[in-house]
Chemist: 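Starting off with a structure, shown below.
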Amino acid sequence: MRNKIKISASILAANPMRFEEDIKRIEAAGIDLIHIDVMDGHFVPNITIGPFIVAGIKQITDVPLDIHLMIEHPERYVEAFAGAAEGNGIITFHIETVENPKEIISLIRSTGMKVGISLNPDTPVEMVENFLDQVDMALVMSVNPGFAGQKFIPIALSKIARLRDKGPDKMDIQVDGGITPDNISQVVKQGANVIVAASAIFKTSDPGSAIKSLKQIAEQTMEKEAVNLVN
Ligand code: DX5
Ligand code: ZN
């Protein structure tokens, strides 16, 4: 039994001066999650969005927020981001940034947000294996985090398969980075069900139809694999 396909639109490739317009457009297309890339200029070489902007986004949408923390000391900011999201969505931290994963898992849980654990392309799956039964989602990075528009790194495929094998069936597996209509089937075949895309949605002339076609390809692939769906 596997969870159903969800598409998570990363606003990193949206127009920051027109978030409202872009968000309304993807909402109308039935987007499942809004992926918010939080970068601190330390863990990754880029700086993006803080709780202030997340709270603004929350004012214009009820779509659950998928908050991807690419920051050092994520535990310092969990409450601020959970508050900004009004407890509706998921907070994902990177295993490379914490000394005590159990502590941050309980901290995120205590805010009412769901919990995700993420790993970079160079980080082995073994690093997260002991925590899979405590999280709602594992996020496999298929690019080195920092920027939208990079090329998919195929090492992600075997990592997704291993996580699908080791993790509980009810755990979501998210993949993030370089996803296109041409490679989405490959990641779904390995077991990913929550698919992040920035460029493949916002760098097209019609983000709404881009979302629909990514979802359709992913769902058809999952059907072909004859996977029984839960929720
Ligand atoms: C990269 C971010 C991704 C990024 C994906 O560090 O975590 O979410 O926005 O962008 P695309 O889909 O363009 O690779
Ligand atoms: Zn991301």
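Predicted model, so just to flag it, every value in this text is computed and none were measured. Numbering of ligands and ligand atoms starts at 1, following listing order.
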Chemist: Of the protein's non-hydrogen atoms, which lies at the shortest distance from atom 6 (O) of ligand 1, and what is that distance?
Modeler: G146 N, 2.7 Å
Chemist: Can you tell me how far apart OG1 (T221) and CD (Q186) are? Round to the nearest 0.5 Å.
Modeler: 10.0 Å
Chemist: What residue and heavy atom of the protein are closest to atom 8 (O) of ligand 1, and at what distance?
Modeler: D176 OD1, 2.7 Å
Chemist: Tell me whether ligand 1 is touched by M39 - counting only heavy atoms on the residue side and a distance under 4.0 Å.
Modeler: yes
Chemist: Check contact between G178 and ligand 1, using heavy atoms of the residue and a distance below 4.0 angstrom.
Modeler: yes
Chemist: So, for N3 and K170, which heavy atoms are closest and what is the spacing to 0.1 Å?
Modeler: ND2-O, 2.8 Å
Chemist: Minimum distance, heavy atoms only, to atom 12 (O) of ligand 1: which one of A14, P145, A198 is it?
Modeler: A198
Chemist: With heavy atoms of G177 as the reference, note each atom of ligand 1 found under 4.0 Å away.
Modeler: 14 (O)
Chemist: Identify, for atom 2 (C) of ligand 1, the protein heavy atom at the shortest distance, and state residue, atom and that distance.
Modeler: D37 OD1, 3.4 Å
Chemist: Does some non-hydrogen atom of F147 fall short of 4.0 Å from ligand 1?
Modeler: yes
Chemist: Do E129 and R162 sit within salt-bridge range, that is, some charged N less than 4.0 Å from a carboxylate O?
Modeler: yes
Chemist: Checking T97 against E72 for the side chain to side chain donor-acceptor pair (under 3.5 Å) test, could you report, in this order, the C-alpha distance in whole Å, the side-chain angles of both residues, the deciding distance, and whether it holds?
Modeler: CA-CA 5 Å; T97 63; E72 288 175 3; over 6 Å; no
Chemist: Using the benzene-type ring in the case of Trp, are the ring centres of H94 and H68 under 6.0 Å apart?
Modeler: yes
Chemist: I need the atoms of ligand 1 closer than 4.0 Å to a non-hydrogen atom of H35, numbered in the order shown.
Modeler: 8 (O)
Chemist: Only heavy atoms of H68, strictly under 4.0 Å: list the atoms of ligand 1 that pass.
Modeler: 7 (O)
Chemist: Rounded to 10°, how big is the angle at the Zn ion (ligand 2) from H35 NE2 to D37 OD1?
Modeler: 90°
Chemist: Of the backbone atoms (N, CA, C, O) and the side-chain heavy atoms from C-beta on, which set of S10 has a member under 4.0 Å from an atom of ligand 1: side chain, backbone, both, or neither?
Modeler: side chain
Chemist: Quick check: is I47 connected to F81 through a chain of hydrophobic side chains (ILVMFWY, heavy atoms under 4.5 Å apart)?
Modeler: no
Chemist: Please state whether A13 comes within less than 4.0 angstrom of ligand 1, counting heavy atoms only.
Modeler: no
Chemist: Hydrophobic clustering (ILVMFWY, side-chain heavy atoms < 4.5 Å, transitive) - are V38 and V98 grouped together?
Modeler: yes
Chemist: Short list, please: which atoms of ligand 1 are under 4.0 Å from a heavy atom of M70?
Modeler: 6 (O), 7 (O)
Chemist: Show the atoms of ligand 1 that are less than 4.0 angstrom away from any heavy atom in A197.
Modeler: 12 (O)
Chemist: How wide is the angle at the Zn ion (ligand 2) between OD2 of D176 and ND1 of H68, to the nearest 10°?
Modeler: 90°
Chemist: Considering only heavy atoms of S199, which atoms of ligand 1 have at least one such atom less than 4.0 Å away?
Modeler: 11 (P), 12 (O), 13 (O)
Chemist: With a 4.0 Å cut-off on N to O distance, would you call K24 and E21 a salt bridge?
Modeler: no
Chemist: What atoms of ligand 1 come within less than 4.0 Å of a heavy atom belonging to M141?
Modeler: 7 (O)
Chemist: In terms of hydrophobic clusters joined by side-chain contacts under 4.5 Å, are M70 and I153 together?
Modeler: no
Chemist: Any ion pair linking R109 and D136 (charged N to carboxylate O, less than 4.0 Å)?
Modeler: yes
Chemist: Give me the atom names and distance for the closest heavy-atom approach of N183 to I179.
Modeler: OD1-CA, 3.4 Å
